[in-house]
Amino acid sequence: MVTAASGSFELDDVSVTYGNETAVAGVTMSIEPASVTALIGPSGCGKSTLLRCLNRMNDELGNVKVGGRILFDGVDIYDRSVDPVELRVRVGQVFQKPNPFPMSIFDNVAYGPRTHGVRRKAELDALVEESLKRAALWEEVKNSLKKHAFELSGGQQQRLCIARALATSPEVLLMDEPASALDPISTQQIEDTIAELKSSVTIVIVTHNMQQAARISDRTAFMLRESMDFPAQLVEVGDTRVMFTNPADKRTEAYITGRFG
Amino acid sequence: MTDASFPRRRTGRPAFRRAAESVVTRAIAFSGIAAIVILAAITVFLGMNALRAVGDVGLWSMITGTDWFPTSKEPSYGFLPAIVGSLWVTAVALVVSVPVGVAAAIYISEFASRRTKEVAKSVIEFMAAVPSVVLGLMGLAVLVPSIRVLMRLDTGLTAFAAGIMVGVMALPTIISISEDAMHAVPADLRTGSLALGNTRWQTVHKVVLPAASSGVFAAVMLGVGRAIGETMVVLMLAGNSGIVPNTPLVSVRTMPGTIAGEMAEVVQGGEHYSVLFAMALVLFAMTFIINLVADVVLENQRKRWRR
Amino acid sequence: MNHASARVRRARTVEMLARAVTGAAAFGVLGVVAFILGYILYRGAGSIDWEFLTAPPRMFMTQGGIWPAIYGTLLLTFWTAVFAIPVGIMAGIYLAEYAPKGAFTRVIRLAIANMAGVPSIVYGLFGLALFVLTVGFGRSVIAGALTLACLTLPVIITATEEALLQVPQDLRQASLALGATRLRTVLRIVIPAAAPGIVTGSILGLSRAAGETAPILVTAVAFYSPVPRTVFDETMALPYHLYIMATQAVKPAPDVVWGTALVLVAGVSIINVVAAAWRTRQRRRIRW
Ligand SMILES: Nc1ncnc2c1ncn2[C@@H]1O[C@H](COP(=O)(O)OP(=O)(O)OP(=O)(O)O)[C@@H](O)[C@H]1O
Ligand SMILES: [Mg+2]
């Protein structure tokens, strides 16, 4: 199945090998555009590993091999003709710990556009404002854009990182436990932001929080590594409501109801 | 819809930027091997200039020759006076700097308060920057006259005087590397020992020193390397006589002192000139081996505590 | 019971003794540094005046000033920086950001560590053979500066690498994930964050080069020369001037000797203290 809409992924028998240890194998699933897909599973089951395949950040770790095929809007992103740098403009990422650059709020958001050749002040101003608005941070910082990013609170820093990722207008946003380092109120704000964003951006989010997955995602993928001797696998993927009410696999049910993991 | 609001979106990097990036990246990689290139160039250029001496005098007869009379009618170019002189100076330097340096490192690493530690470390860092010619001058003004009077010698310009000052020069190396080695010993080992009822000192000599021993050894080796290669202090304080010394209380010549003292006065391309290059090559080889041993030991030590 | 407390008492005594002995060593070393500085200040302060700092020598160097030597040292250090800093920083970047883990990188690291221990006179002869004779610069500022640059390189490389490794991995990832290339990430994110360490390390390395005598002895300096007009002229320099005046002066001129020593030491000290203080301040400001 090939979708025409922008911001979709097709994973076909994807496996990831670190050195000589295969961490993830046989993942086949699709990620639909303009929706939120949650990746859940116990610690060490390869959620982050799989996520990093989608913007080829695994390439930067060295000694990592990705097998199978990953099509992004129909194009194999591991094809030799694809420049990972260009891919990452279209597939942004937000990390677990807020990691703003040591520079002003404005410069943080403008970093991506500047990297890709936007120089005109007016254009940058517009981009920064729009991105901060989409990340629901604009009202709080509009009068202090020159402030150092480290002066913001943790939750604000994380929304700044979201704004920074949005500034290159990616079609997909990968989020690896974006709220796990934050307090409940900041978490709520991040979730609201995600809800706002999903009409325009495909979101793939890793989370350990079942309620969060249930609240914000349209589809959920459950991964599991049953033993360190074998690679992790995709147990089940499907509509979130179905999966949380009526999972097809016993192991999914056990995990969701908190019986292991 | 987002694309509509960002009309100037680019999909490719311009070719000139890619080209510029690959040039800079290549320059970076090339700079990375600069150290290897320079070390190789040192070997080649010293070797080329030493060729004539090796041909005329012979490497072995230089290294084992006991007379250094380069300017007499029948010149003799024996390195032994300089090699043995360098060893005496180094021995004195080690006697001064190893006990003091290691003890100071123990204090700074294990006993000193945070504030003292910070101050001491910056003073030691600064000490390494005091020019050696200044220490040579201090030696001439303070040390040499006192040694002459105290030891009732004809001259204070001796291996002993040079050795003490060279020891002072080697102190920063020995202190900072040993201190690093002790600092790298994981804190759990220390707290474990203290929890067993050991005093701080017992912890130091039962746990910290054994764990840091290879680092301390490397520090001493690097100190030896510094001492053998130190030039200005020995040139100014050792006296530069031509005999093979059998005590540190006489005037001696050293390899660095000989090279530095005579290089300016020799005929370029002449035999004496070439012999000095051969001596530099011997000196380079000695320090190279000493430093290599120390660095390998240090690297292994670092790896040990990494996980 | 009695037995145990005797053992404890003995341990306590040994502890005190160890603390006293090692403390004496540490403070003894600090004392030596203080003595050297104090002594040079005491002997040299009297000879420093405006003329001494700005005039050329007179009366066979026994009177007048040392301006040509000061200028020569500044010039040598400047050109050393020009040659050593770009290569040193790039090599540091290579090691911290690009070098693959493996045997070859290990060899590079060993070579850099080893370079730091090569005797300065060996650098001098190397410079003589390569820059003075083979390249044909003759005894000149440029030959001396290139020689000093070789000697300073390992210090700058090591300082750069250490400073870069302090920068959290997160920042690199964030930049790469925004579609920045590795090079842009290094130039725009990592280097600015590591700048305090790189700058201080380079300055400390250069201040050491400024005090070196042996490498310039055979590559750059002259006993007496006017202020060099171009980098291809030979020059006077403070450390060499001090060496000559202390050991081979025609007539003893203690004022010039100690004055020169004070200028040299004061220059090196001020640079070191300022650089170290700046680094401490920057470190406090940026806490990851
Ligand atoms: N850089 C790496 N090098 C080698 N092995 C790695 C690396 N990163 C992850 N792994 C291995 O891959 C497996 C999956 O790790 P991953 O971080 O993807 O799990 P995760 O599901 O994100 O876990 P968590 O929920 O704790 O974040 C683990 O066994 C881990 O040891
Ligand atoms: Mg993870």
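Computed over heavy atoms, backbone and side chain alike; hydrogens, waters and symmetry mates excluded. Proteins get letters first, then strands, A, B, ... in listed order; numbering begins at 1 in each. From a predicted model like this one, the values you see are computed outputs, not experimental measurements.
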Give the minimum heavy-atom separation between [X] and [Y], together with the two atoms involved.
{"X": "C:Leu130", "Y": "B:Phe45", "result": "CD1-CZ, 3.3 Å"}
{"X": "C:Ala26", "Y": "B:Ala104", "result": "CA-CB, 3.6 Å"}
{"X": "B:Ile28", "Y": "C:Met90", "result": "CG2-O, 3.6 Å"}
{"X": "C:Ala246", "Y": "B:Met236", "result": "CB-CE, 4.0 Å"}
{"X": "B:Ser31", "Y": "C:Val87", "result": "CB-O, 3.7 Å"}
{"X": "B:Pro131", "Y": "C:Gly211", "result": "CB-O, 3.4 Å"}

Can you tell me which of [options] forms the most heavy-atom pairs within a distance under 4.5 Å of chain C?
{"options": "B:Asn198, B:Val102, B:Leu235", "result": "B:Leu235"}
{"options": "B:Arg226, B:Glu230, B:Glu118, B:Met279", "result": "B:Arg226"}
{"options": "B:Ile36, B:Val133, B:Val130", "result": "B:Val133"}
{"options": "B:Gly197, B:Ala260, B:Ala264, B:Gly225", "result": "B:Ala260"}
{"options": "B:Ile290, B:Asn49, B:Ile42", "result": "B:Ile42"}

Checking the side chain of [X] only, and the main-chain atoms of [Y] only, is there a donor and an acceptor separated by less than 3.5 Å?
{"X": "C:Glu15", "Y": "B:Arg200", "result": "yes"}
{"X": "B:Asn291", "Y": "C:Gly117", "result": "yes"}
{"X": "C:Asn272", "Y": "B:Phe126", "result": "no"}

Any idea which of [options] has the most non-hydrogen atom pairs under 4.5 angstrom with chain B?
{"options": "C:Ala34, C:Ala261, C:Ala214, C:Ala210", "answer": "C:Ala214"}
{"options": "C:Leu153, C:Ile36, C:Val14", "answer": "C:Ile36"}
{"options": "C:Val122, C:Leu17, C:Val21, C:Val32", "answer": "C:Val122"}
{"options": "C:Ala11, C:Gly127, C:Ala18", "answer": "C:Ala18"}
{"options": "C:Val118, C:Asn114, C:Leu264, C:Leu187", "answer": "C:Asn114"}

Under 4.5 Å heavy-atom distance to chain C, tell me which part of [X] shows up: side chain, backbone, both or neither.
{"X": "B:Ala27", "value": "both"}
{"X": "B:Leu292", "value": "both"}
{"X": "B:Leu171", "value": "side chain"}
{"X": "B:Leu298", "value": "neither"}

Which atoms of [X] approach chain B - backbone, side chain, both or neither, heavy atom under 4.5 Å:
{"X": "C:Leu125", "result": "both"}
{"X": "C:Leu204", "result": "side chain"}
{"X": "C:Val218", "result": "side chain"}
{"X": "C:Thr134", "result": "side chain"}
{"X": "C:Leu133", "result": "side chain"}
{"X": "C:Phe27", "result": "side chain"}
{"X": "C:Leu238", "result": "neither"}
{"X": "C:Arg109", "result": "side chain"}
{"X": "C:Leu128", "result": "side chain"}
{"X": "C:Ile112", "result": "both"}

- Message: Are there residues of residues 93-103 of chain C whose heavy atoms fall under 4.5 Å of chain B's heavy atoms? If so, which?
- Response: C:Ile93, C:Tyr94, C:Tyr98
- Residue pair B:Glu125, C:Arg279: steps toward the salt bridge (Lys or Arg N to Asp or Glu O under 4.0 Å) verdict: CA-CA 13 Å; B:Glu125 184 179 57; C:Arg279 179 179 53 193; 3.1 Å; yes
- Find out whether B:Glu110 and C:Thr22 are in side-chain contact, i.e. whether some heavy atom of one side chain is under 4.5 Å from a heavy atom of the other. no
- Item | salt bridge (Lys or Arg N to Asp or Glu O under 4.0 Å) between B:Glu299 and C:Arg106, worked out | CA-CA 9 Å; B:Glu299 230 200 38; C:Arg106 206 177 125 88; 2.2 Å; yes
- Message: Quick check for you: to the nearest 0.5 Å, what is the distance between B:Asp295 atom CG and C:Met115 atom CE?
- Response: 13.0 Å
- Task: Decide yes or no on side chain to side chain contact (heavy atoms under 4.5 Å, CB included) for B:Leu283 and C:Ile121, but give the supporting numbers first.
- Result: CA-CA 10 Å; B:Leu283 178 62; C:Ile121 186 65; 4.0 Å; yes
